[in-house]
Structure formats: C-alpha cells, structure tokens
Amino acid sequence: MPFEDNYRQKGLRRALVKLLIEKGISNAAVLEAINTVPRHIFLDKVFLEHAYQDKAFPIGDGQTISQPYTVALQSQLLNPQKGDKVLEIGTGSGYQASVLAEMGVRLYTIEQSKYHYGKAKAYFRYFKYQNIYSFLGDGSKGLAFKAPFDKIIVTAGAPIIPKDLIDQLAVGGVLVIPVGNKEKQEMIRLRKVDDKKITKENFGNCAFVPLVGHNGW
Ligand code: SAH
C-alpha cells in the first residue's frame, strides 16, 4: 500500500484546515490531527481531487467516508485527551479512527462490515498505529468486554441512544451520537454525570448512513 504524500497533498490539507477553522472548528489538537492524516489514501487514487474537499465520499459496499467537517465536529465535541480510552462505532474507512489516534487516545473501533474491517485494519498496520484496536462485530451493543470508556463516538445514524452505550461509559464520560431517522439525524452529546444522571446537548442536523444491528435499524 505504498502511497505518496507530496507538497501538493500537504497544501490541500492545509487549505482544508483553514476552511474548517472558517466553519467554526477551533480545537487545536483536532486541527493538527486533520493536518497530519493523509485523507487521500483512504480514497481510491482517482479521487485525489476529492480527498480534501469538504464532502462525504462513497468508499464501497454502500458506505461513505464522513465529510471532513463532520469528522472535525464530532472530534471537537468528543474533546479527547491524551490517554483517554475511546470507543468508535463504525470504523468505515478508518479515517476518523486515525484522526483520534493522532490525538493520542487509546482507540477501540468496531465495524460490522467484514470488507471495511479488513481494509481499515490494513491501513492501521501500514501506519504502525500502536494505539488502535479494531474489532469486527455489532457495535450498536458497544464493546462490553472492554468497557468502561471515557468517550464513545458513533459514526452511523442511530434510531435511539442505545442504553448499552450509556452503561459502557465511565462516570464523567461523553457519548457523541447522531440520532434520528434513516435520512437525517441530530448530533447529540450525552454526558454521564453520575450513575443516575445524564445530560444531553443538541448540535444540529447531520446525515449519516444508518447504524444497523441490535440497537440500530
Ligand atoms: N468513521 C467512518 C465513517 C463510516 S460510515 C470513517 O471515518 O470513514 C459508517 C460505518 O458504520 C459503516 O462502515 C458501517 O458499516 C458501520 N456500521 C453501521 N452499523 C454498525 C454497527 N452496528 N456496528 C459496527 N459498525 C456499524
């Protein structure tokens, strides 16, 4: 999987970071990670022109790599700190996972599609990420045997906030999840204040591919 990351691609990445700042992303660690991860390698070579536009893109098997703004927004809402134990549901291309790994978290990521699981795993190995642990399975139930997590990020649209995910959050933990119907969702940030209390904030409309599985569609 040898790939090139030349001055042109680095320049396109810097321009993308500038655009994300204009769109309201202010978390320096998020912006730095986006400036570092070569998004173009997660797309087929012929789509190089598209890699650094702020657009979602088909990655095969009916799935998409999220729009850079969406990746940046979810990362900013999650606000991961170095060493945090984070669960991502919906590995997809592996791009969001790589951005979080660059931020120094311990990233557990789960994907239901064997095709994407295998492909993303090969990227993680190629980039020698020591802090990404990838799993194949139904992430709508979380990853109980590795719980609790400081932060959980769901990158597919859910019909409800699965109780399993709240249960697998550490006290003080944060869950970022798009909730709604199959076409349109709202970006929700849930905080587990203590064992009995949670708070929820709404960060507006978004559109993800559906979360499938036990607690999904
Ligand atoms: N984070 C990804 C975006 C992936 S799109 C990226 O950076 O590219 C959403 C992904 O969620 C798809 O790959 C889909 O297969 C996966 N998905 C949907 N339901 C799932 C479930 N119940 N468990 C695990 N993965 C799921």
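For this chain, numbers begin at 1 and follow the sequence in order. Atoms within a ligand are numbered from 1 in the order they appear, just like the ligands themselves.
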Revision key, fill the gap. Applied to residues 91-118, the salt bridge (Lys or Arg N to Asp or Glu O under 4.0 Å) test, sequence neighbours excluded, yields none
Revision key, fill the gap. The remaining residues in the hydrophobic cluster of I160, counting side-chain heavy-atom contacts under 4.5 Å among Ile, Leu, Val, Met, Phe, Trp and Tyr, are none
Review point. With distance as the sole criterion, is a donor-acceptor pair present between the side chains of K121 and Y117 under 3.5 Å?
Key: yes
Revision key, fill the gap. In short, salt bridge (Lys or Arg N to Asp or Glu O under 4.0 Å) pairs touching residues 166-194 with sequence neighbours left out are K163-D167, R189-E201
Check your understanding: Is it true that the side chains of S93 and Q63 contain a donor and an acceptor less than 3.5 Å apart?
Key -> no
Point to revise | First-shell residues of ligand 1 [heavy atom, distance under 4.0 Å] | key: Q63, T64, I65, S66, E88, G90, T91, G92, S93, Y95, Q96, I110, E111, Q112, G137, D138, G139, S140, T155, A156, V209, P210, L211, V212
Practice item. Would you check if Y52 and V17 make a side-chain contact, meaning some heavy-atom pair closer than 4.5 Å? Key: no
